[in-house]
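Atoms considered below: every heavy atom in the structure, side chains included; atoms not considered: hydrogens, waters and symmetry mates. Below, chain A is the first sequence line, B the second, and so on; all start at residue 1.
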Amino acid sequence: MPVHNSEIAEAFEQIANLLEITGANPFRVRAYRNAARTVAGHPTELRRFVAGDDELTDLPGIGDDLSDKITEFVKTGKIGLLEQLKSELPPGLLELFKIEGLGPKKIKKLYDELAVDSLETLENLAETGEIADLEGFGPKTVENLQKNIRRMKRLDQRFLLNEIEQYAAPLVEQLRGLDGVDRVKIAGSFRRRQQTVGDLDILVNASKAEPVMEAFTGYEDMVDLVAVGDTKSSIILRGGLQVDLRVVDSQSWGSALLYFTGSKEHNVALRGMAGRQNKKINEYGIYQDDNRLGGATEKEIYQQLDLPYIEPELRENRGELEAARNDLLPELVELSDIKGDLQTHSTGSDGKNTLREMGEAARELGYQYLAVTDHSAYLAVTGGLDEEALKRQGEKIDKLNDGWDDFRLLKSAEVDILPDGNLSLDDQVLCQLDLVSVAIHSRFNLSEEAQTKRIIRALKNPLVDILVHPTGRLLGIREAYPLDMEKILQTALEENCFLEINASPMRLDLDEITARRAREIGLKLTISTDAHSCQELANMRYGIGQARRGWLRKQDVLNTRSWSDLTTKYLNS
DNA sequence: GCCGTTTTCGGCCCGACTGTTTTCAGTCG
């Protein structure tokens with residue numbers, strides 16, 4: 001079986017955790033964690049490095065030793081060190097790392113003194129009270145442990161961006177209304193537009209922290225208090241979302257925002273860079289010797305390090321600091337650059353609004369065009385269009401377009417790719433359309449080879465324009481089906497096709513890693529909402545976030561172009 | 001275990017909060 005990057009990353013993560021229990025050099029542990037991130041975030045499969053000429057040691061955080069371990073894993077399916085660690089320590093210890101408040105030291109103590117080797121034994125011993133006898137473990141620790149185990153079991157999930165917004169909006173509004181509060185901003189992975197968010201980080205700029213803390217810890221939707229301090233508190237909301245809040249004064253606003261936005265890896269790298277210039281960054285500011293150099297804005301801190309401002313979506317320590325140093329940061333695509341939405345649904349299939357309603361809603365967003373890509377009849381569950389119905393829909397679109405002089409609806413369809421790579425509508429139907437999108441909605445379980453072949457065959461049809469939601473993933477629900485994405489990207493490039501970043505917060509498919517790879521090879525992407533109602537057209541912002549995380553500029557996104565540009569320069573049908 | 005506007009050796013971000021302690025280790029972000 002070919003080894004995937006995610007498996008290599010997981011193995012490194014396990015090695016890091018097990019090494020930590022053995023009390024290994026913490027920097028060695030960190031090296032494995034860093035490598036796990038590098039590997040997980042790499043756009044091409046590392047097994048290609050092993051087979052080809054590229055050097056694994058060119059990757060950041062991968063030296064001779066870790067390069068050898070990757071090679072070993074790719075060739076044998078195993079890593080000797082991990083096997084050895086697992087033979088010395090029960091692998092059941094690994095799941096204990098997921099419990100909040102339990103780290104390597106405590107896990108080791110539980111294992112050494114009480115032979116705790118799994119979640120189950122831990123739960124049993126917590127029940128009997130034996131754990132409270134251990135040095136350093138009091139009754140409060142046991143209570144928290146039990147609480148956090150329950151929470152972990154209930155909530156082995158992350159939240160979608162739209163869910164987070166629903167939780168955050170009323171809380172942020174309430175904080176903004178407090179006396180003495182100047183600014184409230186959501187930081188953390190939400191601000192970086194990560195595809196899912198584990199907890200919510202809120203930063204407040206206020207003259208006095210106390211009343212803010214009081215309001216926060218008394219918030220009506222709170223079900224549990226995790227921590228309460230003078231300037232920092234954490235609560236759990238109904239639904240299980242943890243919210244961390246920090247209050248700072250305006251002088252420290254920028255440094256606190258930078259620190260609280262992360263990523264952790266970006267901050268570590270940035271502070272390392274500061275250290276080499278004899279400067280120090282903390283959440284209160286940037287300093288040299290005893291002099292304060294700044295900290296009121298994020299820009300000020302970057303400037304003090306001779307760097308341009310780095311957008312939150314890029315702060316992952318995936319090359320953005322180097323790019324910033326060399327003045328090579330991309331000018332990222334923005335919501336206002338978008339000229340139209342290329343994947344939406346109407347009452348013609350499973351959408352909630354009519355063609356006219358969708359068109360008017362798109363016009364109000366300032367778009368020049370909207371493609372209504374109703375499903376083909378093959379997908380029976382959506383009540384899709386057959387050839388006759390599609391024709392009638394085309395006539396309706398013509399009439400509607402006659403009534404607009406600043407906007408047009410595009411005749412289109414979301415055509416199914418059949419298991420053999422043929423399409424669910426005939427070519428003579430497809431050639432009547434302005435735009436042909438194709439997608440997989442069945443047989444998700446084909447092998448990587450068969451699924452890749454299926455898609456490539458579809459892309460080679462000269463009438464096809466866009467492959468939508470290319471990997472089929474549903475965040476937290478369904479994994480992406482296995483694909484040789486590199487082959488698909490290359491084929492799309494050769495065939496003048498485009499791949500979509502689906503902006504639905506449940507999908508965000510393509511992911512940022514693949515999006516960045518597409519840009520690297522010069523393949524343009526579309527960002528479309530897959531809206532099934534007028535309201536969902538506003539989901540575009542989630543797709544933009546994902547695109548920005550993939551380093552995409554305006555020119556890398558097809559639907560930043562006017563319709564005339566699109567037809568004359570990019571679409572072949 | 002990685003890495004080099006201090007370096008092939010000696011560093012590796014930094015502070016808040018908790019719980020169990022009497023001054024701090026562990027964990028988290």
Side-chain angles (χ1 to χ4, degrees), chain A residues 12 15-16 19-21 23-38 56-70 81 96-110 131-145 147-148 187-189 192 197-203 209 213 217 225-234 242-248 252 255-256 258-287 301 305-306 317 322 325:
Chain A
F12 282 173
I15 290 174
L19 277 177
E20 212 170 16
I21 297 177
N25 174 355
F27 298 107
R28 185 179 172 208
V29 172
R30 186 196 288 173
Y32 277 96
R33 295 234 162 87
N34 286 342
R37 261 183 67 89
T38 297
L56 284 164
T57 50
D58 288 343
L59 301 177
I62 309 285
D64 289 336
D65 190 87
L66 291 179
S67 166
D68 286 348
K69 290 201 166 55
I70 294 171
L81 174 63
L96 302 184
F97 276 92
K98 290 191 212 156
I99 304 168
E100 218 176 315
L102 209 52
K105 298 278 165 52
K106 284 186 177 162
I107 290 175
K108 180 166 167 51
K109 189 149 194 131
L110 288 165
I131 290 178
D133 297 338
L134 283 183
E135 196 192 330
F137 287 71
K140 191 81 188 176
T141 304
V142 177
E143 191 190 317
N144 284 335
L145 218 49
K147 197 162 74 183
N148 290 333
S189 52
R192 301 200 313 279
V197 172
D199 55 20
L200 189 59
D201 302 301
I202 300 180
L203 190 67
M213 284 301 161
T217 54
L225 208 52
V226 180
V228 191
D230 294 338
T231 62
K232 185 180 165 184
S233 296
S234 297
Q242 177 166 334
V243 186
D244 300 336
L245 178 118
R246 183 102 185 225
V247 182
V248 298
S252 298
S255 34
L258 186 69
Y259 158 74
F260 228 19
T261 297
S263 67
K264 187 181 167 185
E265 290 75 10
H266 178 85
N267 287 342
V268 168
L270 202 63
R271 288 174 180 197
M273 193 185 259
R276 285 188 290 278
Q277 300 179 19
N278 285 320
K279 293 168 184 161
K280 192 180 85 167
I281 302 174
N282 59 26
E283 52 267 60
Y284 302 107
I286 178 164
Y287 307 85
I301 296 179
L305 298 173
D306 289 322
N317 197 25
E322 202 186 359
R325 237 187 341 243

Describe the nucleic acid contact of A/Ser233 in one word from base, sugar-phosphate, nothing, applying a heavy-atom distance below 4.0 Å. nothing
Taking only the [atom1] atom of each, what is the distance from [N] to [M] in whole angstrom?
N	M	atom1	answer
B/dC13	B/dG19	P	28 Å
B/dT27	B/dT20	P	13 Å
B/dT7	B/dC12	C1'	13 Å
B/dG1	B/dT5	P	24 Å

Quick one: closest heavy-atom pair of A/Asn282 and A/Ser255, and the distance? O-CB, 3.6 Å
What is the distance, to the nearest angstrom, from the [atom1] atom on [X] to the [atom2] atom on [N]?
X	N	atom1	atom2	result
A/Tyr287	B/dC14	OH	P	12 Å
A/Phe260	B/dG15	CZ	P	16 Å
A/Tyr32	B/dC12	OH	C1'	17 Å
A/Lys105	B/dT18	NZ	P	21 Å
A/Glu265	B/dC14	CD	P	16 Å
A/Arg33	B/dC2	CZ	C1'	16 Å
A/Leu19	B/dG1	CG	P	8 Å
A/Ile131	B/dG19	CD1	P	16 Å

From B/dC13, B/dT18, B/dG15, pick the nucleotide closest to the side chain of A/Lys264? B/dC13
Looking only at the side chain of A/Asn25 (C-beta and beyond, no hydrogens), which of the listed nucleotides B/dA16, B/dC14, B/dC12 gets closest? B/dC12
Is the shortest side-chain N/O distance from A/Thr231 to OP1 or OP2 of B/dC17 below 4.0 Å? yes
Any side-chain N or O of A/Asn144 under 4.0 Å from OP1/OP2 of B/dG19? yes
Could A/Arg33 and A/Glu20 be called an ion pair, given the rule that one side-chain N must be under 4.0 Å from one carboxylate O? yes
